[in-house]
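Please read the structure below before turning to the comments.
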Amino acid sequence: ARIAFASKGCIARNARWMQWCNKRRVKRSRAWKSLWTLRLSPNASSAALPKWSTIARAWATNRSDLLFALIFFLIVPATLAAQGRAPDGWNIGVIIATDSNPYIGQSADVVPIPLISYRSGPLSIGTNGVGYRFIQTGPWDVTVAARPRFSGLISTDGALLDGIDRQVTGDLALEARYDIGVYYASFDLRQEFTGEHNGQELRFGVGTRTRVGRVGLDLGAGAFWQNDDLSRYIWGVSPAETAIGRPAYAPGDVIVPYVSLRARLPLSGNWSLLGTVRVDFLNSDISDSPIIEDDQLFSGALGISYSF
């Protein structure tokens, strides 16, 4: 009986593994089939035929651009938050970051990203946008802000994403935070205002702060909801972007949970060492997109900052 039970468990696990592998294989085969169809089509002009050397160079060139956009969207806000409620003045630094790019045909890389911020009373300006804190009462902080949004599809000359292009957009944000001792909760409502997609996003997170020796830790978890307009812009394919093996796709409203860990180690003087890791869990509405091949997004960064 024990042997039979164990055998059934192995079969079930193997079935799930094969289903996952087949899903990835189908997405890749569709994309490569579209390229071979174009090359072998008698009606295709020589100018339209992809050159494999050009494709390889495009991947190498634009992989870092795609990664930079994803990292800036996920890591920079988290790294700045790891510094806590910063005092007035300047904070400058740099982080070395990486990301498991979920878009088809893309791979991870390592890129440096600058950190620059300035705070004066309720006003804050930096690489993460401009904010004004208009409420600070007891445990509540409420800020109105303009934030940039970077998509992982800003630069897409690679063959598998050819014809898909995204812009850096801007969001108007209402951000609230509630602190209770070492615990906190945050709520953000964002509306795109640059006329690219008119998308909306709602973010919710909870976390706790602790200290291990001199290292300050912030363990957080939460989720963000994106409406149909925003999710299609980030994860989907519009009718104008369809190609052989790449049908139009709209994920609809999506919810993406995440967990994160941020750390800050004070060094000598005003120097600090910063670190963050985060995992986003992409649901099936996103991972079923013809341009997405992963259902998890891993990101991490390590950097140094100086305050004055």
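Worth saying up front: this structure is predicted, and the values here are computed from it rather than measured. For this chain, numbers begin at 1 and follow the sequence in order.
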In this structure, would [X] and [Y] fall into the same cluster of hydrophobic residues linked by side-chain contacts under 4.5 Å?
X	Y	result
Leu267	Val215	yes
Ile116	Tyr118	yes
Phe204	Ile180	no
Phe224	Val254	yes
Val279	Ile95	no

Do the rings of His197 and Tyr233 sit parallel, tilted or perpendicular, given the 30° and 60° boundaries?
tilted
What orientation do Phe308 and Trp90 show, parallel under 30°, tilted 30 to 60°, or perpendicular over 60°?
parallel
Looking at Tyr258, does the NZ or CZ of Arg278 lie under 6.0 angstrom from its six-membered ring centre and within 45 degrees of the ring axis?
yes
Set out, in order, the CA-CA distance, both residues' side-chain angles and the distance that settles salt bridge (Lys or Arg N to Asp or Glu O under 4.0 Å) for Asp179 and Arg209, then state yes or no.
CA-CA 11 Å; Asp179 284 87; Arg209 298 178 297 272; 3.1 Å; yes
Under 4.0 Å between a side-chain nitrogen and a carboxylate oxygen: does that hold for [X] and [Y]?
X	Y	answer
Glu175	Arg190	yes
Glu241	Arg166	yes
Asp171	Arg149	yes

Report the distance from atom [atom1] of [X] to atom [atom2] of [Y], rounding to the nearest 0.5 Å.
X	Y	atom1	atom2	value
Leu261	Thr276	CG	OG1	7.0 Å
Thr127	Leu115	OG1	CG	5.5 Å
Asp280	Phe298	CG	CZ	10.0 Å
Leu161	Ile291	CG	CD1	6.5 Å
Leu273	Ser305	CG	OG	8.5 Å

Identify the two heavy atoms, one from [X] and one from [Y], that lie closest to each other, and give their separation to 0.1 Å.
X	Y	answer
Ile234	Gln226	CD1-NE2, 3.7 Å
Asp228	Gly252	OD1-CA, 3.3 Å
Thr194	Gly170	OG1-N, 3.2 Å
Asn198	Asp229	O-OD2, 3.8 Å
Ile255	Ala223	CG2-CB, 4.1 Å
Pro290	Pro247	CG-O, 3.7 Å

Any side-chain heavy atom of [X] within less than 4.5 Å of one from [Y]?
X	Y	result
Asp285	Asp253	no
Ile286	Val256	yes
Val259	Phe281	yes
Arg177	Arg133	no
Asp99	Leu297	yes
Ile292	Ile104	no
Leu265	Arg214	yes
Val182	Thr210	no

Are there over 12 heavy-atom neighbours, none belonging to Tyr132, within less than 6.0 Å of that residue's OH?
no
With a cut-off of 6.0 Å (strictly less than), are more than 12 heavy atoms of other residues, nucleotides or ligands near CZ of Phe193?
yes
Check whether the side chains of Ser120 and Asp88 place a donor and an acceptor atom closer than 3.5 Å, and report yes or no.
no
Can Asp141 and Tyr178 be said to form a side-chain hydrogen bond (donor to acceptor under 3.5 Å, both in side chains), step by step?
CA-CA 7 Å; Asp141 277 4; Tyr178 187 83; over 6 Å; no
Hey, is the main chain of [Y] close enough, under 3.5 Å, to the side chain of [X] for a donor-acceptor pair?
X	Y	value
Ser124	Arg119	no
Glu192	Glu196	yes
Asp294	Gln296	no

Could you go through Asp188 and Leu202, starting from their C-alpha distance and side-chain angles, then the distance that decides it, and tell me whether this counts as side chain to side chain contact (heavy atoms under 4.5 Å, CB included)?
CA-CA 6 Å; Asp188 294 4; Leu202 178 63; over 6 Å; no
Taking it one step at a time, do Tyr249 and Thr242 satisfy side chain to side chain contact (heavy atoms under 4.5 Å, CB included)?
CA-CA 9 Å; Tyr249 185 81; Thr242 58; over 6 Å; no
